[in-house]
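Worksheet: one structure, shown below.
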2 protein chains.
Amino acid sequence: MARRLFRKCIPGIVDVAKHASVSPATVSRYFNSPEVVRYETRKRIEAAIEELDYVPNGAARSLNRGASGTIGLIVPTIDNAIFAELAQAFSTSLFRHSRTMLIAAHGYDLAREGVLVESLLEHRVDALAIVGLKHEEQTFEILDKRDIPAVMLWNYRDRQSLPCIGVDNREVGRVATEHLLELGHRDILFLFAELRGNDRAADRRSGALAAMATAGVEVPRNRRVVSPYDVQAAKELALKALTATPRPTAIFSGNDVIALGVLFAAMSLGIRIPDQLSVIGIGDFRGSSAVEPGLTTVRIPARRIGRRGAEILIELLEWPSGHTRPDERLPVEVLQRGSTALI
Amino acid sequence: MARRLFRKCIPGIVDVAKHASVSPATVSRYFNSPEVVRYETRKRIEAAIEELDYVPNGAARSLNRGASGTIGLIVPTIDNAIFAELAQAFSTSLFRHSRTMLIAAHGYDLAREGVLVESLLEHRVDALAIVGLKHEEQTFEILDKRDIPAVMLWNYRDRQSLPCIGVDNREVGRVATEHLLELGHRDILFLFAELRGNDRAADRRSGALAAMATAGVEVPRNRRVVSPYDVQAAKELALKALTATPRPTAIFSGNDVIALGVLFAAMSLGIRIPDQLSVIGIGDFRGSSAVEPGLTTVRIPARRIGRRGAEILIELLEWPSGHTRPDERLPVEVLQRGSTALI
DNA sequence: AACGCCTCTGCAAACGTTTTCATTGATGAT
DNA sequence: ATCATCAATGAAAACGTTTGCAGAGGCGTT
């Protein structure tokens with residue numbers, strides 16, 4: 001094949017080698033195990049690198065080594081406070097171990113998720129983290145066949161086909177509901193988050209309804225509403241429910257964004273919180289404590305999940321075998337602030 | 001060099017070729033220009049790919065082609081509503097053109113930014129987008145030497161060394177201030193965002209102060225405060241200012257997060273907005289319209305910036321030469337909602 | 001028949017690293 | 001002087017693709 005004459009002479013390791021009058025092998029060693037290279041040689045190489053503005057070619061390295069130093073993260077969307085926090089923590093942890101994050105978002109579309117996995121595999125990520133428990137069968141198969149380390153983040157459940165690191169979202173739904181029940185509320189409006197392609201939301205819902213059943217409280221159809229992930233939309237749904245009679249005494253919100261919408265709806269109707277209405281959220285987003293009144297919510301440790309996810313994958317990479325399964329179920333807790341009170 | 005016997009037989013193009021009884025070249029053509037491969041041959045190759053679960057090796061391709069199909073994005077932090085929106089839009093646009101985003105965050109640390117650029121170059125990104133105008137000299141130099149397409153996002157200014165796509169943040173600061181002035185406010189508290197390593201915030205500040213100067217209104221020292229990017233912190237700063245006398249009649253907030261903090265502070269003090277206090281934000285974050293009262297803010301089209309940034313880089317890649325400089329200055333506008341009123 | 005053209009495919013040379021193995025001196029022990 | 005040891009380096013074979021060139025048939029035209 002003909003030389004690519006046109007390519008703009010971007011310097012390679014052999015150029016550096018020539019410049020420093022050593023062999024490419026030595027330059028490579030300079031990077032990968034400097035201590036075996038004689039001091040003066042090292043100096044010469046350094047000078048050459050500086051001179052040529054040499055930057056190693058990751059593709060070539062990864063081709064040779066069979067590892068790219070890159071770890072994939074698949075989230076529903078970046079554009080969502082809580083996943084952004086997760087991603088940031090994940091990325092930072094990786095950076096600390098000199099690896100890079102390759103992030104991809106599927107927009108709650110499981111089919112598209114498959115494409116993303118393929119794409120990440122094509123980039124030869126060394127490991128993979130996916131948000132959520134529910135994925136296409138094919139995804140699991142291909143990860144298994146390739147046997148690259150993989151974990152599922154955010155939601156936790158026992159005996160999954162892949163290790164998970166996160167919280168049990170059924171528990172989350174349960175404790176939020178129990179909190180309202182303990183305060184004496186019986187007529188509760190449930191504003192669940194969109195369930196499609198979202199096992200977290202689905203789990204919260206089933207946890208919540210289970211808690212209600214345990215308490216022996218009926219939840220009529222019109223008290224179970226699904227809200228988009230959007231303050232404005234949640235606000236409108238809440239407005240509708242709060243202007244009808246009878247009015248619920250409490251609102252369970254599938255996440256803090258929905259809760260924020262509820263708060264604003266109440267405000268615009270002049271309904272005093274928590275005297276006339278209790279509101280609980282889920283997530284403890286940044287800023288939820290500053291809302292007026294402070295939002296009672298179930299804390300989900302997003303950053304910690306991101307950090308642990310990254311750390312565990314790296315561990316898996318560096319000690320490939322042995323190990324018990326690295327599942328981690330993180331604790332959740334209700335943070336009672338000003339938005340809930342005894343009925 | 002000895003064969004890497006241990007590597008778990010992950011199939012390559014030659015395995016596929018053998019399986020389909022063709023040459024590797026033909027398999028490669030199957031991917032890159034299917035129309036030249038005979039139908040039956042194509043079928044055979046498809047079967048082999050299916051059978052072996054073959055996924056092309058991006059590193060090898062990128063090594064050979066000298067292009068990785070990957071485009072870098074450097075942001076201060078992902079974990080920030082507005083940059084998350086930007087990144088999401090950027091990523092989606094790239095995906096549409098079958099390219100991948102490699103994102104990196106420096107946490108407002110210009111020094112670390114240099115490392116990130118290097119790291120992205122090592123990954124051989126085909127192009128690069130950076131948020132902000134101000135960067136290390138070395139960054140510009142290396143981008144220039146490598147001559148990979150690069151743009152600066154978010155902030156706009158004429159005659160920069162790299163094309164920029166964004167809004168003029170001095171204008172942003174100016175129009176926000178003018179809005180308050182037009183409503184008759186003279187005693188305005190300025191809660192600027194953190195300025196260090198943040199040319200956007202600095203520009204907003206200078207635009208705002210210039211507008212005040214033009215109007216001939218003095219801004220005393222204690223009316224210029226810098227707030228962290230955090231609802232709680234902004235709330236506390238606002239609380240302090242709002243409990244002192246004299247109380248400002250309006251608050252200029254460097255971004256919507258700060259404005260939210262101000263709103264909550266006013267609420268907790270029982271100060272009615274906008275009757276007793278006008279508040280303006282900047283950014284028009286998702287949800288800012290749903291706040292009660294609706295937040296008046298200066299709209300910055302984050303998604304559009306992300307999308308255009310991606311599109312422009314791709315254009316630059318596909319028609320490498322010619323072209324006028326692709327700078328784009330996007331319009332800003334004040335969205336008056338319920339949080340500002342005549343004094 | 002001879003020739004040219006077209007379609008499809010194979011050959012083999014890159015791409016820029018890493019790493020095994022061998023080589024070269026230098027040093028120290030016998 | 002001989003030999004083993006050691007430190008520092010070089011030579012060369014991979015890694016898995018892409019692609020220019022050339023070859024092999026098939027077909028239509030002279």
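Proteins get letters first, then strands, A, B, ... in listed order; numbering begins at 1 in each. Here the structure is a predicted model, which is why all the values come from computation and not from measurement.
- Once rounded to the nearest 0.5 Å, the distance linking SG of C164(B) with CG of L133(B) reads 5.0 Å.
- Of the candidate nucleotides dG10(D), dT18(D), dG16(D), dG10(D) has the atom nearest to the side chain of A25(A).
- Distance R65(A) CZ to dG16(D) P: 16 Å, rounded to the nearest Å.
- When rounded to the nearest whole Å, the span between CG of N32(B) and P of dT19(D) equals 6 Å.
- Remark: C1' of dT9(C) and CD of E40(B) are 14 Å apart, rounded to the nearest angstrom.
- To the nearest 0.5 angstrom, H97(A) atom NE2 is 9.5 Å from I71(A) atom CD1.
- What separates CG of L63(A) from P of dG16(C) is a distance of 12 Å, to the nearest Å.
- How far OG1 of T70(A) is from CG of L120(A): 10.0 Å, rounded to the nearest 0.5 Å.
- Residue I45(B) contributes atom CD1, which lies 12 Å from atom C1' of dG10(C) at whole-angstrom precision.
- A salt bridge between E311(B) and R307(B) is present, with a side-chain N of the basic residue lying under 4.0 Å from a carboxylate O of the acidic one.
- With a cut-off of 3.5 Å on both pairing distances, the Watson-Crick and G-U wobble pairs of DNA chain C assemble into stems of 3 or more at C:1-30 with D:1-30.
- In this structure, N64(B) places its CG atom 13 Å from C1' of dA12(C), rounding to the nearest Å.
- More than 12 heavy atoms of other residues, nucleotides or ligands lie within 6.0 Å of CD in E318(B), so this atom counts as buried by the packing criterion.
- Aromatic ring pairs are classed by plane angle as parallel below 30°, tilted from 30° to 60° and perpendicular above 60°; the pair F140(A) and H135(A) is perpendicular.
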Could you go over nucleotides 7-9 of chain D and give all protein N or O partners under 3.5 Å, atom names and distances?
{"residue": "dT9(D)", "atom": "OP1", "partner": "R38(A)", "partner atom": "NE", "Å": "3.4"}
{"residue": "dT9(D)", "atom": "OP1", "partner": "R38(A)", "partner atom": "NH2", "Å": "3.4"}
{"residue": "dT9(D)", "atom": "OP1", "partner": "T41(A)", "partner atom": "OG1", "Å": "2.3"}
{"residue": "dT9(D)", "atom": "OP2", "partner": "R38(A)", "partner atom": "N", "Å": "2.9"}

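- The pair D199(B)-R157(B) does not meet the salt-bridge criterion, since no charged nitrogen lies less than 4.0 angstrom from a carboxylate oxygen.
- Between the CD1 atom of I13(A) and the C1' atom of dA11(D) there is a distance of 14 Å, given to the nearest Å.
- When only modelled atom types and interatomic distance are considered, Y156(B) and E328(B) share no side-chain donor-acceptor pair under 3.5 Å.
- Nucleic acid contact class of F31(B) (heavy atoms, under 4.0 Å, all strands): none.
- Side-chain atoms of R200(A) and V131(A), non-hydrogen and from C-beta on, do get closer than 4.5 Å to each other.
- One finds no side-chain N or O of Y30(B) lying less than 4.0 angstrom from the OP1 or OP2 phosphate oxygen of dT18(D).
- Between L52(A) atom CG and dG16(C) atom C1' the separation is 15 Å, expressed in whole Å.
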